[in-house]
Amino acid sequence: MHIELKNTKNTRSLSDLTNKNGLKIKKHLLIRSDALSKIDTSDQRILKEEYQLKRVIDLRCDNEVKNNPDIAIPDVEIILNPVLPSQRVGVTKKGNDEEDFRDFIEAIHTNGADSSVRFMTKVYQEIVTSEFSTLAYQKFLRILLEDAGGATLWHCSAGKDRAGFATMILLYALDFDIKDIVEDYLSTNLYYQGNIEHFVIECGEGYRDVLKTIFGVRKEYVDVLLDSIKSVYGSFDTYIEKGLLFSKEDKEKLQAIYLEER
């Protein structure tokens, strides 16, 4: 369910989702989002009063957090848990997000349309195969095993790649069908179309394909994730248990916290 905030685009509660056993996620306990660096008092009120937000897991790089920190919400804990290192290509370098973004888009555009797909493919492979990312997703699941007594929100910059994969991992651990997991992942495209059009106006029509690739999500990116998991671990279940060190007992505890009873 999309949460209408003035200063985010991709904030969603997972409470409208039902797993393969017919169990729903408890109301407003789990929220995925893009960054909270521009939220105003109205947005804060909605998150605090309507969704009982208790903690935020920030999956962005250290440099991204430094240059655009989340707005502090009273009595809401912010946990920094970067999925990629700050030196990763495509994240902020100059200390100015707008300049970094323009440099990045220009570099991708100069190298041709296919380079944007190659870049995104490499990112998706890395968040499965690198030790840095694996440790971050281990920590993500461990945090969720601690009942916050309210909602937990996790986000990266756009809320689609790093946060998108975190959501896929979580839903899989909550016994969701992979088809429904992919559908939730792809729904990001519904909320970012306006953002793409905004940047097309700024950058020019010739940049449309690059901007769609960078700001959108694709089924082929999911395929890269699943192929990488299969290549390294053999299956998603093994990735959860052996890669993320999340046992069957951990899954049962997670499900008891976040799923409604029959």
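Everything numeric in this text was worked out from a predicted model, so none of it was measured. In what follows, every heavy atom counts, from backbone to side chain, and hydrogens, waters and symmetry copies are set aside.
A donor-acceptor pair under 3.5 Å is absent between the side-chain atoms of Asp177 and the main chain of Lys20, judged by distance alone. For Thr8 (side chain) and Asn10 (main-chain N/O), no donor-acceptor pair under 3.5 Å exists by modelled atom type. Remark: side-chain polar atoms of Glu64 are paired, donor with acceptor, to backbone N or O of Cys61 under 3.5 angstrom.
The salt bridge (charged side-chain N to carboxylate O under 4.0 Å, His left out) pairs that include a residue from residues 138-160 are Arg142-Asp250, where partners are two or more places apart or lie in different chains. Residue pairs that meet the ring-ring contact (aromatic ring centres under 6.0 Å, His included) test with at least one member in residues 132-163, sequence neighbours left out, are Tyr137-Phe165, Phe140-Trp154. Under the salt bridge (charged side-chain N to carboxylate O under 4.0 Å, His left out) criterion, the residue pairs touching residues 65-84 are Lys48-Asp75, Arg60-Asp70, with sequence neighbours excluded. Counting only residues at least two apart or in different chains, salt bridge (charged side-chain N to carboxylate O under 4.0 Å, His left out) contacts with residues 30-40 comprise Lys6-Asp40, Arg32-Asp184. The ring-ring contact (aromatic ring centres under 6.0 Å, His included) pairs that include a residue from residues 8-61 are His28-Tyr51, where partners are two or more places apart or lie in different chains.
Hydrophobic clustering, with ILVMFWY side chains joined whenever heavy atoms are under 4.5 angstrom apart, groups Ile57 together with Ile257. Residues Ile73 and Leu80 are members of one and the same hydrophobic cluster, defined by side-chain heavy-atom contacts under 4.5 angstrom among Ile, Leu, Val, Met, Phe, Trp and Tyr.
With sequence neighbours excluded, no residue forms a salt bridge (charged side-chain N to carboxylate O under 4.0 Å, His left out) with Lys179. Qualifying side-chain hydrogen bond (donor to acceptor under 3.5 Å, both in side chains) partners for Ser187, counting only residues two or more places apart in sequence or in other chains: Arg12. The side-chain hydrogen bond (donor to acceptor under 3.5 Å, both in side chains) test applied to Asn81 returns no partner, not counting sequence neighbours. Not counting sequence neighbours, the partners of Gln255 by the side chain to side chain contact (heavy atoms under 4.5 Å, CB included) test are Leu174, Asp175, Lys251, Leu259. Qualifying salt bridge (charged side-chain N to carboxylate O under 4.0 Å, His left out) partners for Lys248, counting only residues two or more places apart in sequence or in other chains: none. For the side-chain hydrogen bond (donor to acceptor under 3.5 Å, both in side chains) test, no residue two or more places apart in sequence or in another chain qualifies with Ser157.
The number of heavy-atom neighbours closer than 6.0 Å to CD of Glu131, taken from other residues, nucleotides and ligands shown, is 12 or below.
For the pair Leu23 and Glu261, the tightest heavy-atom approach, listed with the atom from each and the gap, is CD2-C, 4.3 Å. Residues Leu153 and Leu36 share a closest heavy-atom pair of CD2-CD1, 3.9 Å. Residue Ser15 comes nearest to Ser13 through the heavy atom pair OG-OG, 2.9 Å, listed as atom of the first residue, atom of the second, then distance. Nearest heavy-atom pair, Leu5 versus Thr11, reported as atom, atom and distance to 0.1 Å: CD1-OG1, 3.9 Å. Of all heavy-atom pairs spanning Asn67 and Pro69, the tightest one is C-CD, 3.7 Å.
Residues Leu84 and Ile127 are in side-chain contact: their nearest non-hydrogen atoms beyond the backbone lie under 4.5 Å apart. The shortest distance between side-chain heavy atoms of Val222 and Met168 falls below 4.5 Å.
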Check residues 236-244 and write down every donor-acceptor pair under 3.5 Å in which the side-chain atom is one partner and the other belongs to a residue at least two apart or another chain.
from	atom 1	to	atom 2	distance (Å)
Asp237	OD1	Tyr172	OH	3.4
Asp237	OD2	Tyr172	OH	3.1
Thr238	OG1	Ser235	OG	2.9

